[in-house]
Amino acid sequence: MPSVIEAQPSPLPFDASRTALVIIDMQRDFLEPGGFGESLGNDVSLLAAAVPPCRAVLDAARAAGLLVVHTREGHCPDLSDAPPAKLERGEPTARIGQPGPMGRILIRGEPGHDIVPALAPRPGEPVVDKPGKGAFYATDLADILAARTIATLLVCGVTTEVCVHTTVREANDRGYRCVVIADACGSYIPEFHEAGLAMIKAQGGIFGWVSDSGSVIAALGRHG
Ligand code: C5J
């Protein structure tokens, strides 16, 4: 039975059986010192505030029986899936593939590539490894969602204006209704977080809807 999520620019009816929670890149490489985020000169502590709301939404989504999808940005150890234009950025000693305190930076299988323990995937929850910013590019996310006839995505994670935004734009073009959970997203640049959210819901929701963890959890509790 459809329920309604309080959101901007308008409330959004959704069918829980056709809704997925997509948690973007809540990895040690972005959230902890010594990883990719810090290598680019960012204050990674700014992302910590997104973890408890993410966890609360994750618990509610699991309890409601939603499909939960986790994504991780990262590259093969031989860097064959990393374009030179991406590899060339940042300080030469702290680029993708270089050794760091959490292993090679942004490389699959290294400790820094792991999702933070508070949001660890459960067995059976798809984990989508992506080489790009968007979760649809060069992944099987579209097939995973199609297999469950998913129509609505609840999206959270980091960073708001980079991988969350790119994924929402990709999903919007593919016909999904996307609800971005504002307090469960984070950015190293607070004004970009705000601007990113504003862009999504502007112009009648040109990329989707913006809500918050409390409203999403309430809606998931009401469904049925
Ligand atoms: C970035 C991401 N910011 N997950 N990646 O490079 O947003």
Side-chain angles (χ1 to χ4, degrees), residues 21-51 53-54 57-58 69-76 79 81-91 94-98 100 102-116 118-121 126-139 141 153-172 178 180-200 207-208 210:
L21 173 65
V22 181
I23 305 180
I24 304 288
D25 301 358
M26 291 297 280
Q27 296 162 254
R28 299 182 66 200
D29 253 323
F30 294 105
L31 285 119
E32 295 184 13
F36 182 58
E38 194 175 71
S39 80
L40 297 176
N42 297 301
D43 174 2
V44 295
S45 71
L46 289 167
L47 303 190
V51 175
C54 254
V57 171
L58 175 59
V69 180
H70 307 260
T71 76
R72 299 184 297 202
E73 181 180 351
H75 296 281
C76 301
L79 300 176
D81 58 354
K86 188 173 181 184
L87 294 174
E88 287 160 7
R89 294 184 220 169
E91 285 296 317
R95 290 180 178 168
I96 295 168
Q98 295 297 320
M102 292 189 288
R104 291 178 68 202
I105 293 172
L106 216 61
I107 298 297
R108 294 179 191 165
E110 300 287 345
H113 188 254
D114 283 346
I115 291 171
V116 295
L119 302 171
V127 178
V128 172
D129 280 323
K130 61 188 185 65
K133 303 305 182 192
F136 288 86
Y137 170 67
T139 73
L141 177 58
L153 305 182
L154 309 177
V155 187
C156 59
V158 298
T159 62
T160 314
E161 78 281 11
V162 183
C163 289
V164 172
H165 229 271
T166 306
T167 299
V168 167
R169 288 171 183 238
E170 289 179 327
N172 180 60
C178 297
V180 177
I181 307 168
D183 56 327
C185 294
S187 172
Y188 305 120
I189 307 167
E191 57 268 40
F192 287 2
H193 171 78
E194 295 303 332
L197 297 172
M199 283 182 215
I200 285 163
F207 294 124
V210 175

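Both ligands and their constituent atoms are indexed starting at 1 by order of listing. Keep in mind that what you see is a predicted model, and the values were worked out from it rather than measured. All values below were derived from every heavy atom in this structure, side-chain atoms included, with hydrogens, water molecules and symmetry-related copies excluded.
In this structure, Y188 falls outside the shell of residues with a heavy atom less than 4.0 angstrom from ligand 1.
Atoms of ligand 1 found under 4.0 Å from any heavy atom of V162, numbered from 1 in the order shown, are 1 (C), 3 (N), 7 (O). Listed by number with element, the atoms of ligand 1 under 4.0 Å from a non-hydrogen atom of F36 are 6 (O). For ligand 1, the atoms lying closer than 4.0 Å to a non-hydrogen atom of V158 are 2 (C), 4 (N), 7 (O). The distance from ligand 1 to the heavy atoms of D25 drops below 4.0 Å at these ligand atoms: 2 (C), 4 (N).
For T71 (side chain) and V128 (main-chain N/O), no donor-acceptor pair under 3.5 Å exists by modelled atom type. The main-chain N or O of S45 is found under 3.5 Å from a side-chain atom of D43 such that the two form a donor-acceptor pair. N42 places no side-chain N or O within donor-acceptor distance of the main-chain N or O of Y188, the cut-off being under 3.5 Å. In this structure, Y137 contributes its side chain and E170 its backbone to no donor-acceptor pair below 3.5 Å.
For atom 7 (O) of ligand 1, the closest non-hydrogen atom on the protein side is T159 N, 2.9 Å. Counting only heavy atoms of the protein, atom 5 (N) of ligand 1 lies nearest to E73 OE1, 2.9 Å. Scanning the protein for heavy atoms near atom 2 (C) of ligand 1, the closest one is C163 SG, 2.7 Å. The protein non-hydrogen atom at the shortest distance from atom 6 (O) of ligand 1 is K133 NZ, 2.9 Å.
In this structure the side chain of F136 never reaches within 4.5 angstrom of the side chain of K130, judged on heavy atoms. The shortest distance between side-chain heavy atoms of D129 and T139 does not fall below 4.5 Å.
A salt bridge does not link R104 to D29: none of the charged side-chain nitrogens sits closer than 4.0 Å to a carboxylate oxygen.
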